[in-house]
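Note that the structure is predicted; figures quoted are calculated from it, not measured.
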Amino acid sequence: MRFLLKVQHVSRLMRETTPSLRAYLLIVAILSIVSVASVGMLRAGQATGSPKGSAAESHGVDLTILDKTCKPCEDFFNFANGEWLKKNPVPAAYPSWGRFNELSERNREQLRGILEGAAANSKAPSGSNAQKIGDFYASCMDEKQINAAGAKPLEPEFARIAALASVADLQAEIARLQRSGVGGLFNFGSTQDMKDSTRVIGGADQGGLGLPDRDYYTKTDDKSKEIRGQYQDHIAKMLGLVGDDAPKAAAEAKTILDLETKLAEASLTNVERRDPEKTYHKMSRPELRTLTPNWSWDTYFQEIGYTNIDSVDVSAPKFFETMSRELTEIPIGDWKIYFRWHLVNAAAPWLSQPFVDEDFNFKGRVLQGTKELLPRWKRCVSATDRQLGEALGQIYVEKYFPPKAKARAQEIVGHLIDALRDDLQTLPWMGPATRQQALAKLSTFVRKIGYPDKWRDYSSYKVDRISYASNQMRGSEFAFKRDLNKIGKPVDRTEWDMTPPTVNAYYNAEMNEIVFPAGILQPPFFDPDADDASNYGGIGAVIGHEMTHGFDDEGRKFDAQGNMRDWWTPEDEKNFNERAQCVKKQFESYKIQDDLHENGDLVLGESIADLGGLNIAYRALEKELGSKQPPSIGGFTPAQRFFLAFTQIWAATDRPEFERLMLNTNPHPLARLRAIAAPSNMQAFSQAFGCKEGDALVRPAAIRCQIW
């Protein structure tokens, strides 16, 4: 479960979307207050151009962005962030703007420096990481070549699609498209066996949609209907760019929407996918044949080059039953239209400017409300990080992640684990049997800080400056093969699911690990030179968030070894669920716009983790300070600075379109709600700011939520 983009099964999430939509959804997750990659915050002195180390430099809570005209007990979000919010409207190229977007800009500049240096280095040995990142970035920046090529990189695949004549041909084409990074019909890759965490097996997941989520096809409100109409227009425009006349493209767009709607209706909802018990269906080859009589898994495995696969976890059996039926009921001609569209949809960001512009028009303007396309160099930095993230990340950590930051972060992680251990030993609602196993699970947490101990080998990935689209397709094929090579082998517990520059963190229940890339170990989350209260309110809350994921409504279904197993007593499960309902109701009470509210079931896990993480972090701070009474800084006590640090990391403004997209797809609440929801449940917050019953930031005792 990621701190900002939660993932129960990381590989599954990334297989679920086509690459072009995936890039936008990564930005979507990023912009719910995270960045793909970022370094330190623009501190008070640096924001005005003061050199690092000058008297103007500050550490920890940023007192210059407070709005002291607001009362902390009534409007803590604006009290903590008001001046920042006034000075930071959403830029035209973004659907949302937060303090981590500021960090992203600075970090992208640093990554840009690395990449431009690599691109200019003509002496880099052929096949080296320096050559690969330099050539990849250079090919992405070569707009002249990309525009001259137009859609030519897709022509060989268009010809193959045009020649399809049977269901067997369809199966071969699906395998080809998946190898090239196109989300053809469904998603397939490796997955850890949830009931035997030592094994890697095949994983088959629902997919094949062009809109962000199945609900976009099934909802009947006026806005959803409007978006479907805009999507259909978008498809027609894109197909027009590859030569179809207007009437033909319009008819094809309707065919595609109708076909995708059938797939969507058979797909699990986002809420259903949060329950691992609903997404685990391990099947043998004979069972797979029974599930999908019109789809030959034996042939498919042969086509993708992995005939040794003997078992597959099918996340959504109903989806595959429908897929099998539709393969014969839908005419081959319609499938050819569908595959042609998904090829164009996936490749659009790699193609000439008309494709890029129309791709952005729908996925940026319509779905997110964004006004302008990001500059090309920013898109190329992000693309390089996605395809060659550990090659780029290795240089990044050498330049920008000092050893003292890693050492201090490791120390704080240890203190948070101690605080959670103390809490588990005294929880009044948890019985002795569950408590014993919870403590055992905590003691086996794997801690990954900063960057991998073993870097990824990119030697089999060919990169040159000839064709950006070819580099992208070869990169997808490299990643696909690398992923499938894991099947049948022991789990690699050294592997990371995020690149080092990423500003994010995650807990993986099947690995029982907490992971904090170097990118998040920066201000305002963390500063080794800041006071303890600022660090515990920032990175401490993140650490606590990830740790409590091991015991939330999803994570508690996995044991210390990462196996899905019910190790809670019925009474403890009942006690937990009752307390979780309090959190669900709290978020459902937040009105976002018009008649839109947060989906309490969808955001439940992340909201529980925010509440638990902040509580655990506060107790860890109290324990570290002990009998010490640190002086106030800027007139604020350590307790006040703790809560200010937490709320300041969530400073953000969202466009209305982006909010709607988040409510439909994101298991995290909106940033402005995360900033205040957990503090409003904590007596420590009320005491710190002298709040009283009846104040907006003091939830009445009868509905106050507390789990950890």
*Asks:* Show your working on side chain to side chain contact (heavy atoms under 4.5 Å, CB included) between Thr279 and Met194 and close with a plain yes or no.
*Replies:* CA-CA 10 Å; Thr279 60; Met194 284 198 279; 4.1 Å; yes

*Asks:* Out of curiosity, Asp559 CG to Asp566 CG, how far, rounded to the nearest 0.5 Å?
*Replies:*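 Output value for this atom pair is 11.0 Å.
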
*Asks:* Show the nearest heavy-atom pair for residues Ala175 and Ile304, with the distance to one decimal.
*Replies:*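 Taking Ala175 first and Ile304 second, the nearest heavy atoms are CB-CG2, 3.7 Å.
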
*Asks:* Taking all heavy atoms of Gln206 and all of Ala316, pick out the closest pair and write down the distance.
*Replies:*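 Heavy atoms only, the tightest pair is OE1-CB, 3.4 Å.
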
*Asks:* In plain terms, say whether Glu272 and Lys318 are close enough for a salt bridge, that is, a side-chain N and a carboxylate O under 4.0 Å apart.
*Replies:*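 A salt bridge is absent here (no side-chain N lies under 4.0 Å from a carboxylate O).
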
*Asks:* Any donor and acceptor pair, going by atom type alone, linking the side chain of Thr307 with main-chain N or O of Gln302 inside 3.5 Å?
*Replies:* no

*Asks:* By salt bridge (charged side-chain N to carboxylate O under 4.0 Å, His left out), which residues pair with Arg474, not counting sequence neighbours?
*Replies:*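 Result, salt bridge (charged side-chain N to carboxylate O under 4.0 Å, His left out) vs Arg474: Asp464.
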
*Asks:* Which pair of non-hydrogen atoms, one from Phe355 and one from Ala348, has the smallest distance, and what is that distance?
*Replies:*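 That would be CB-O, 3.8 Å.
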
*Asks:* Is it true that Glu573 and Arg556 make a salt bridge, defined as a side-chain N closer than 4.0 Å to a carboxylate O?
*Replies:*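 A salt bridge links Glu573 with Arg556.
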
*Asks:* Of all heavy-atom pairs between Ala253 and Ala236, which one has the smallest distance, and what is that distance?
*Replies:*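 Residues Ala253 and Ala236, closest heavy atoms: CB-N, 4.0 Å.
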
*Asks:* Working to the nearest 0.5 Å, report the span between OG1 of Thr494 and NZ of Lys454.
*Replies:* 3.5 Å

*Asks:* For Trp496 and Arg456, work out which heavy atoms get closest and say how close.
*Replies:* O-NH2, 3.7 Å

*Asks:* Taking the ring of Phe186 and the ring of Tyr300, is the distance between their centroids below 6.0 Å?
*Replies:* yes

*Asks:* Using modelled atom types only, decide if a donor and an acceptor are shared between the side chain of Thr292 and the backbone of Arg289 within a distance under 3.5 Å.
*Replies:*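 No, the answer is negative, given that no donor and acceptor are paired below the 3.5 Å cut-off.
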
*Asks:* Do Thr322 and Phe319 come within less than 4.5 Å of each other through their side chains, counting heavy atoms only?
*Replies:* no

*Asks:* Kindly indicate whether the side chain of Val314, heavy atoms from C-beta on, has any atom under 4.5 Å from the side chain of Phe320.
*Replies:*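 Yes, at least one pair of side-chain atoms sits under 4.5 Å.
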
*Asks:* Can a side-chain donor-acceptor contact be found between Lys237 and Asn361 if the only test is distance below 3.5 angstrom?
*Replies:*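 No pair is found: no donor N or O on one side chain lies under 3.5 Å from an acceptor on the other.
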
*Asks:* Treating Asp215 as the side-chain partner and Lys219 as the backbone partner, does any N or O pair qualify as donor plus acceptor under 3.5 Å?
*Replies:* no

*Asks:* For residues Pro349 and Arg379, determine if any side-chain heavy atom of one lies less than 4.5 Å from a side-chain heavy atom of the other.
*Replies:*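 No, their side chains stay 4.5 Å or more apart.
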
*Asks:* Is the side chain of Gln387 donor-acceptor paired with the backbone N or O of Gln472 at a distance under 3.5 Å, no angle test?
*Replies:* yes

*Asks:* Evaluate the side chain to side chain contact (heavy atoms under 4.5 Å, CB included) criterion for residues Met564 and Lys195: first the C-alpha distance (whole Å), next the side-chain angles of each, then the deciding distance (0.1 Å), finally the verdict.
*Replies:* CA-CA 5 Å; Met564 189 167 68; Lys195 291 193 174 180; 3.6 Å; yes

*Asks:* Could you check whether the rings of Phe551 and Trp567 sit parallel, tilted or perpendicular, using 30° and 60° as the cut-offs?
*Replies:*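 Ring orientation of Phe551 relative to Trp567: perpendicular.
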
*Asks:* Answer yes or no: are there more than 12 heavy-atom neighbours, outside Asp453 itself, under 6.0 Å from its atom CG?
*Replies:*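 For Asp453, atom CG is not crowded (no more than 12 foreign heavy atoms under 6.0 Å).
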
*Asks:* Flag the pair Leu392 / Thr499 as yes when at least one side-chain heavy-atom distance between them is below 4.5 Å, and no otherwise.
*Replies:* no

*Asks:* Examine the side chains of Asp196 and Thr198 and answer whether a donor and an acceptor come within less than 3.5 Å of each other.
*Replies:*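 Yes.
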
*Asks:* Closer than 3.5 angstrom, by distance alone: can the side chain of Lys557 be matched with the main-chain N or O of Asp275 as a donor-acceptor pair?
*Replies:* no

*Asks:* With the threshold set at 4.0 Å, does a side-chain nitrogen-carboxylate oxygen contact exist between Lys486 and Asp492?
*Replies:* no

*Asks:* Any side-chain heavy-atom pair from Leu661 and Pro212 closer than 4.5 angstrom?
*Replies:*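 Answer yes - side chains close enough.
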
*Asks:* Checking Asn485 side chain against Lys481 main chain: does a donor-acceptor pair fall under 3.5 Å?
*Replies:*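 Yes, because the side chain of Asn485 sits within donor-acceptor range (under 3.5 Å) of the backbone of Lys481.
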
*Asks:* Does the plane of the ring in Tyr231 sit parallel, tilted or perpendicular to the ring in Phe362? Use 30° and 60° as the thresholds.
*Replies:* tilted

*Asks:* Evaluate whether atom NZ of Lys282 has more than 12 neighbouring non-hydrogen atoms of other residues, nucleotides or ligands under 6.0 angstrom away.
*Replies:*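 Above 12, so yes.
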
*Asks:* Would you check if the side chain of Arg179 reaches a backbone N or O of Glu303 as a donor-acceptor pair within less than 3.5 Å?
*Replies:* yes

*Asks:* Are a donor atom and an acceptor atom from the side chains of Glu554 and His549 found within less than 3.5 Å of each other?
*Replies:* no

*Asks:* Supply the atom-to-atom distance Leu211 CG to Leu367 CG, rounded to the nearest 0.5 angstrom.
*Replies:* 7.0 Å

*Asks:* Does the ring center of Tyr468 lie less than 6.0 Å from the ring center of Phe136?
*Replies:*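 Between Phe136 and Tyr468, which both carry aromatic rings, the centre distance is below 6.0 Å.
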
*Asks:* Tell me whether the rings of Phe301 and Trp297 are parallel (<30°), tilted (30 to 60°) or perpendicular (>60°).
*Replies:* tilted

*Asks:* Output, in order, the C-alpha distance, side-chain angles, deciding distance and verdict of salt bridge (Lys or Arg N to Asp or Glu O under 4.0 Å) for Asp258 and Lys262.
*Replies:* CA-CA 7 Å; Asp258 290 346; Lys262 293 178 181 178; over 6 Å; no

*Asks:* Which of these, Asn664, Asn270, Thr269, Thr665, sits in a side chain to side chain donor-acceptor pair (under 3.5 Å) with Asp213?
*Replies:*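 For Asp213, the side chain to side chain donor-acceptor pair (under 3.5 Å) test succeeds with only one of Asn664, Asn270, Thr269, Thr665, which is Asn270.
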
*Asks:* Looking at Val242, Val182, Asp359, which one forms a side-chain contact (heavy atoms from CB on, under 4.5 Å) with Val344?
*Replies:*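 Going through Val242, Val182, Asp359 one by one, the side-chain contact (heavy atoms from CB on, under 4.5 Å) with Val344 is satisfied by Val242 alone.
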
*Asks:* Would you call Asp205 and Arg273 a salt bridge, taking side-chain N to carboxylate O under 4.0 Å as the test?
*Replies:*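 Judged by the 4.0 Å cut-off on N to carboxylate O distance, Asp205 and Arg273 do form a salt bridge.
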
*Asks:* Does the distance from a Lys or Arg side-chain N to an Asp or Glu carboxylate O, for Lys584 and Asp601, drop under 4.0 Å?
*Replies:* yes

*Asks:* Decide side chain to side chain contact (heavy atoms under 4.5 Å, CB included) for Glu157 and Phe339; before the verdict, give the C-alpha distance in whole Å, the side-chain angles of both, and the deciding distance to 0.1 Å.
*Replies:* CA-CA 10 Å; Glu157 206 61 49; Phe339 288 135; over 6 Å; no

*Asks:* Classify the side-chain pair Thr191/Asp313 by whether it contains a donor and acceptor separated by less than 3.5 Å.
*Replies:* no

*Asks:* When the ring planes of Tyr461 and Tyr458 are compared, do they come out parallel, tilted or perpendicular, using 30° and 60° as the limits?
*Replies:* tilted

*Asks:* Taking the six-membered ring for Trp, are His342 and Tyr338 parallel (under 30°), tilted (30 to 60°) or perpendicular (over 60°)?
*Replies:* tilted

*Asks:* More than 12 heavy atoms of other residues, nucleotides or ligands under 6.0 Å from CZ of Phe576: is that the case?
*Replies:* yes

*Asks:* Is it true that the side chains of Thr255 and Asp334 contain a donor and an acceptor less than 3.5 Å apart?
*Replies:*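 No, because no side-chain N or O of Thr255 sits under 3.5 Å from a partner of the opposite role on Asp334.
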
*Asks:* Would you check if the side chain of Glu321 reaches a backbone N or O of Leu291 as a donor-acceptor pair within less than 3.5 Å?
*Replies:*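 Not a single qualifying donor-acceptor pair exists.
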
*Asks:* Within the structure provided, determine whether Gln437 and Trp568 are in side-chain contact (heavy-atom separation under 4.5 Å).
*Replies:* no

*Asks:* Atom NZ of Lys336 and atom CD of Glu173: how far apart are they, to the nearest 0.5 Å?
*Replies:*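 So the gap between those two atoms works out to 11.0 Å.
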
*Asks:* I need the minimum non-hydrogen distance between Asp497 and Tyr506, along with the two atoms involved.
*Replies:* N-OH, 2.8 Å

*Asks:* So do Leu209 and Tyr216 actually touch side chain to side chain, heavy atoms under 4.5 Å?
*Replies:* no

*Asks:* As an exercise, state the distance from OG1 of Thr220 to NZ of Lys225, rounded to the nearest 0.5 Å.
*Replies:* 6.0 Å

*Asks:* When you measure from the side chain of Ser190 to the backbone N and O of Val200, does any donor-acceptor pair fall under 3.5 Å?
*Replies:* no

*Asks:* Taking the side chain as everything from C-beta on, heavy atoms only, tell me whether Leu327 gets closer than 4.5 Å to Leu185.
*Replies:* yes

*Asks:* Once you round to the nearest 0.5 Å, how far does CD of Glu606 lie from NE2 of His668?
*Replies:*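 Interatomic distance, Glu606 CD to His668 NE2, rounded to 0.5 Å: 3.5 Å.
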
*Asks:* Would you say the side-chain atoms of Glu513 pair up with the backbone N or O of Lys448, donor to acceptor, closer than 3.5 Å?
*Replies:* no

